[in-house]
Amino acid sequence: MRSRQLAHPLRALLALMAAIAVAPAHAAWYERTEAIMGTRIYVEVWSEDAGKGNEAIDAVMSDMRRIDELMSHYKPESQLSRINQHANDEPVQVDKELFDLIKLSTYYSQITEGAFDITYASVGYMYDYPKHVHPTEAQIKSALPAVNWRNMLLDEAHHTVRFEHPGMRIDLGGIGKGYAVDRGIDILKARGIQHAVVTAGGDTRILGDHMGRPWLVAIRHPDDPTKVVTRIPLSDTAMSTSGDYERYFDEDGVRYHHIIDPHTGRSASKVRSATILAPTATQTDGLSKTAFVLGAQKALEIINRLPDVDAVFITPEGKIVYSNGLRPPSNRPGDEAGATAASPRG
Ligand code: ADP
Ligand code: MG
């Protein structure tokens, strides 16, 4: 009787210790989707517990909202809108963060021979895709001279932006999401997260891997969202895909879509889709418009010169074109065009 009385609490203690030993810390993937920056934001993290995982996701989402407040051209009170309202008359001072991203955008203008140009908005603002509105020939002709990134006067010392040509406007829609994705990854890393995915629209960055294996990221068929053209294994990499099927309308056999050729003021259609791979999403976003404007061959020359950058383009004829770093070994020698082409698989 006495021994039973002693044995009872001991058994309970042993059972408790065993339970603690086998109960896993609840390491799992935690994910969330929100609509911010006019697009779909997706964050997925691998975390030891639900509280930490969800707090990390909260922090990324609230930083996305902060960046949107700063840089949205839809919000009249954003600093970017203040530039558009006043920089034709006087230098406009902005936060260093916004100034630096505008400055960085001119680097992408330089290396893409002007294909990437945030002043495209001087004409671009006249397109409204959901409402099927596009500028007339005459409107394009009169607004086009305002499209030229070299006419932005950037004062590094005072963080001011001044437009040196009348009618100029800027829009960071072509680099802001990639930038926000990189800030999201920085926030997750600072919280000790080692495996994550952050996506904003067409811009994604992967931190670490997926249970010791790369993530398999799909590139969709330009005309059929249910068909995958190819899948690319990725870990610790960023990837942006731009497509003429994202924001568009068709009229009289012409596709009006949201990537604008700064030289013509019209939708740039030399490829149907462009995917860029590089270490950061700011890089991939800054480069994913190039092939639409310059064409696959010219864009490949640029991409192949950049270290750690690769590309997959789908041409208007439906060919898939890969940069040197992604080309299957058998196709490398003697391919004078510097590209490998294959028909898209359905
Ligand atoms: P997402 O918005 O899904 O990331 P993209 O990366 O393809 O899509 O960027 C398209 C956006 O880039 C357009 O909606 C517009 O805001 C902006 N843009 C369009 N043409 C240009 C251009 N020539 N240079 C810089 N930005 C551009
Ligand atoms: Mg993008």
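Numbering of ligands and ligand atoms starts at 1, following listing order. Because the structure is predicted, anything quoted here is derived from the model rather than measured.
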Q: Indicate, with yes or no, if the rings of Y125 and Y127 have centres closer together than 6.0 Å.
A: no

Q.
Would you say T119 and S122 are linked by a side-chain donor-acceptor pair, where the criterion is simply a distance under 3.5 Å?
A. no

Q) For the residue pair F292 and H257, does the interplanar ring angle fall in the parallel (under 30°), tilted (30 to 60°) or perpendicular (over 60°) class? A) tilted

**Q.** Shortest protein heavy-atom distance from atom 20 (N) of ligand 1, along with the residue and atom involved
**A.** I260 N, 3.0 Å

Q: Tell me yes or no: between the side chains of H221 and D223, is some donor less than 3.5 Å from an acceptor?
A: no

Q. K177 heavy atoms, cut-off 4.0 Å: which ligand 1 atoms fall inside?
A. 1 (P), 2 (O), 4 (O)

Q. What part of P262, side chain from CB on, backbone N/CA/C/O, both or neither, has a heavy atom under 4.0 Å from ligand 1?
A. side chain

Q | Those atoms of ligand 1 less than 4.0 Å from some heavy atom in S242 | A | 5 (P), 6 (O), 7 (O)

Q) So, is D285 polar-close to ligand 1, with some N/O to N/O distance under 3.5 Å? A) yes

Q) Hey, are the side chains of I260 and S267 touching, using non-hydrogen atoms and a 4.5 Å cut-off? A) yes

Q) When you draw lines from the Mg ion (ligand 2) to OD1 of D203 and to OD1 of D285, what angle lies between them, to the nearest 10°? A) 70°

Q. Is a side-chain N or O of R183 found less than 3.5 angstrom from the main chain of V60, in a donor-acceptor match?
A. no

Q | Heavy atom of E246, distance to ligand 1 below 4.0 Å | A | no

Q.
Between Y42 and E44, is there a side-chain donor-acceptor contact under 3.5 Å, judged purely by atom types and distance?
A. yes

Q) So, for W29 and W215, is the gap between ring centers shorter than 6.0 Å? A) yes

Q.
Does only the side chain of D117 get under 4.0 Å from ligand 1, or the backbone, or both, or neither? Count heavy atoms.
A. backbone

Q: Among all protein heavy atoms, pick the one closest to atom 9 (O) of ligand 1 and tell me residue, atom and distance.
A: K289 NZ, 3.6 Å

Q.
For atom 10 (C) of ligand 1, which of the options H258, R40, H257, M37 provides the nearest non-hydrogen atom?
A. H258

Q: Go through D155 and H158 one step at a time and tell me if the side chain to side chain donor-acceptor pair (under 3.5 Å) criterion holds.
A: CA-CA 6 Å; D155 180 338; H158 302 97; 2.8 Å; yes

Q: Select the closest option to atom 16 (O) of ligand 1 among F292, Y120, F116, Y108, judged by heavy-atom distance.
A: Y120

Q | Which segment of A115 sits under 4.0 Å of ligand 1 when only heavy atoms are counted | A | backbone

(Q) How far is atom 11 (C) of ligand 1 from the closest protein heavy atom, and which atom is that? (A) G173 O, 3.6 Å

Q) Does the side chain of D285 come under 3.5 Å of the side chain of Y179 through a donor N or O and an acceptor N or O? A) no

**Q.** Salt-bridge present (R32, E34; N to O < 4.0 Å)
**A.** yes

Q.
Please list, in number order, the atoms of ligand 1 under 4.0 Å from a heavy atom of I259.
A. 7 (O), 19 (C), 20 (N)

Q: Enumerate the atoms of ligand 1 whose separation from the nearest heavy atom of D171 is less than 4.0 angstrom.
A: 16 (O)

(Q) Please classify the D203 to ligand 1 contact at 4.0 Å (heavy-atom distances, strictly less than): side chain, backbone, both or neither. (A) side chain

Q) What part of I175, side chain, backbone, both or neither, has a heavy atom within less than 4.0 angstrom of ligand 1? A) neither

Q) Do the ring centers of Y256 and F249 come within less than 6.0 Å of each other? A) yes

Q.
Please list the nearest protein heavy atom to atom 3 (O) of ligand 1 with its residue and the distance rounded to 0.1 Å.
A. G202 N, 3.2 Å

Q | Heavy-atom nearest neighbour in the protein, as seen from atom 12 (O) of ligand 1, with distance rounded to 0.1 Å | A | G174 CA, 3.1 Å

